[in-house]
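Residue numbers begin at 1 in each chain, while the letters A, B, ... track the order of the sequences.
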There are 2 protein chains.
Amino acid sequence: MSLAHALLTSLLEQASSGYDLARRFDKSIGHFWQATHQQIYRELGRMEKAGWIRSEPDPEAGRTRKRTYAVLPAGRNELMRWAAEAAPLADLRDEFLVRLRADAVVGPLDMVPELARRRALHADKLRAYRAIEARDFAPEAEPTRKRRIHHLILKAGIQYEQGWIAWYDEALEVLGEEGAAAPAASTLSVTPGAPEAR
Amino acid sequence: MSLAHALLTSLLEQASSGYDLARRFDKSIGHFWQATHQQIYRELGRMEKAGWIRSEPDPEAGRTRKRTYAVLPAGRNELMRWAAEAAPLADLRDEFLVRLRADAVVGPLDMVPELARRRALHADKLRAYRAIEARDFAPEAEPTRKRRIHHLILKAGIQYEQGWIAWYDEALEVLGEEGAAAPAASTLSVTPGAPEAR
DNA sequence: CTCGACAATGCAACGCGTTGCATAGTTGGC
DNA sequence: GCCAACTATGCAACGCGTTGCATTGTCGAG
């Protein structure tokens, strides 16, 4: 049921078309919750039927089918009710770790290129988040509650990416040296990275 | 398709019954991949039909229905094939962040107890991981490749929990002070936590 | 012996996520 | 005018995860 509530949240921030919502899920909300346009339209249909939202043709739509959705009082009430509930922890769930563990059984497979690729992807994301932070959360700005919360959420993404980057650095250290030689324990030189230094 | 491969991996590590596999998914593998016993049995059935695994009555089962599953060569080949493929990044996806963002729109709701509860749950997990690390990865042990990989995987869980604990500390700092008074910016005293110090 | 808890297995229904595919309108470059 | 790319929407099939429920056997305490 979280997608419906993510959509209610987004629509309360700004009434939008389905397409704009989908784009927002590719971007800002997509940093911590993902959904495809098929899901979004499906959910919008359900929510409209439930009386939580209402749609009308976009005034600037011309002959397109563009409609704008807005939240009704019942939708707002539902969101308030839901937001006060407890949420389950988001468990760590990463297919790559399954592959890594498979490597330990059937390997050695050469995982280093994939480790490097994934580290780079995480670094890209961190860079993007940092750019957003610089743009939207300049330190001299007066923090409103809303801005503080949004910044916290962005920081969640930042810490997530940073943690993974540090882990991939260590993994590359540990698994990357295998191709060089059969390492003796004394030449392993594992420098405990950030995960252990915390 | 990752569950099948997680099961292949687990069975190659140790031939097991469905029940033992389910318990392992509640514990070690469950640190980075989760599955219910219903899923596991469903998948085991498919994999046996596909010729990847074989089951036979457990020699110590007595009159119970306990069966032991083992991987066939076709299953091992499939795992090797799959493990060498690229895996998508695990996106951050956390319902609580949706709730937090909802709070910014319809709040203030009192999120502090939930923040504290979740921080405590993460701390519990970290404690458990640290105990496992001390038990299974004592520094003086000669590291084999397998042990190094397993330790890396455990460290993934550790860094994940640590990152979240630090984030919750900051969130409690930011949102916890609201109940005290209407804070002026000069008394906000946000100490940039670990996420920014990295 | 009874019963609750645990071991061991498994069917089924449903919702959500994924993927494929589709239609229709607009815009701008060639 | 043509066409590719984008805007805007949406149906459908399928697999996976979740949840509920079920049966059968064992064990140990009362």
Heavy atoms under 4.0 Å is the rule here; annotate nucleotides 5-16 of chain D 5' to 3' with B where the base is hit, S where only the sugar-phosphate is, and - elsewhere.
--SBBBBB---S
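Between B:Asp26 atom CG and D:dG17 atom P there is a gap of 15 Å when expressed in whole angstrom units. Rounded to a whole Å, the CG atom of B:Leu3 is 10 Å from the C1' atom of D:dG17. In this structure, A:Leu7 atom CG and C:dG17 atom P are separated by 11 Å, rounded to whole Å. Atom pair A:Ile40:CD1 and C:dG17:C1' shows a separation of 12 Å (rounding to whole Å applied). Separating the CD atom of B:Glu60 from the C1' atom of D:dG25 is a distance of 16 Å, rounded to the nearest angstrom.
Proximity of the aromatic rings of B:Tyr129 and B:His31 is defined here by a centroid distance below 6.0 angstrom, and this criterion is met.
For the helix from C:dC1-D:dG30 to C:dC30-D:dG1, the angle separating the two terminal helix axes comes to 10°, with each axis derived from five pairs and the value rounded to 10°.
A search for side chain to side chain donor-acceptor pair (under 3.5 Å) contacts involving B:His122 returns B:Glu161, not counting sequence neighbours. Every side chain to side chain donor-acceptor pair (under 3.5 Å) that A:Ser10 has, sequence neighbours left out, goes to A:Arg24. In this view, B:Lys27 and B:Arg23 satisfy the side-chain contact (heavy atoms from CB on, under 4.5 Å) rule, not counting sequence neighbours.
In terms of phosphate contacts, A:Arg63 brings a side-chain nitrogen or oxygen within less than 4.0 Å of OP1 or OP2 of C:dT26.
Listed by first and then second residue, the side chain to side chain donor-acceptor pair (under 3.5 Å) pairs involving residues 56-66 of chain A are A:Asp58-A:Thr68 (not counting sequence neighbours).
With hydrophobic clusters built from ILVMFWY side chains whose heavy atoms lie under 4.5 angstrom apart, B:Leu12 shares a cluster with B:Trp33.
Judged by closest nucleotide on DNA chain C, A:Gln34 is the one of A:Gly62 and A:Gln34 placed further toward the 5' end.
Salt-bridge formation is detected for the pair A:Lys155/B:Glu170: a Lys NZ or Arg NE/NH1/NH2 atom is positioned less than 4.0 Å from an Asp or Glu carboxylate oxygen.
Contact between B:Pro88 and A:Arg118 at its shortest, heavy atoms only, is O-NH2, 3.3 Å.
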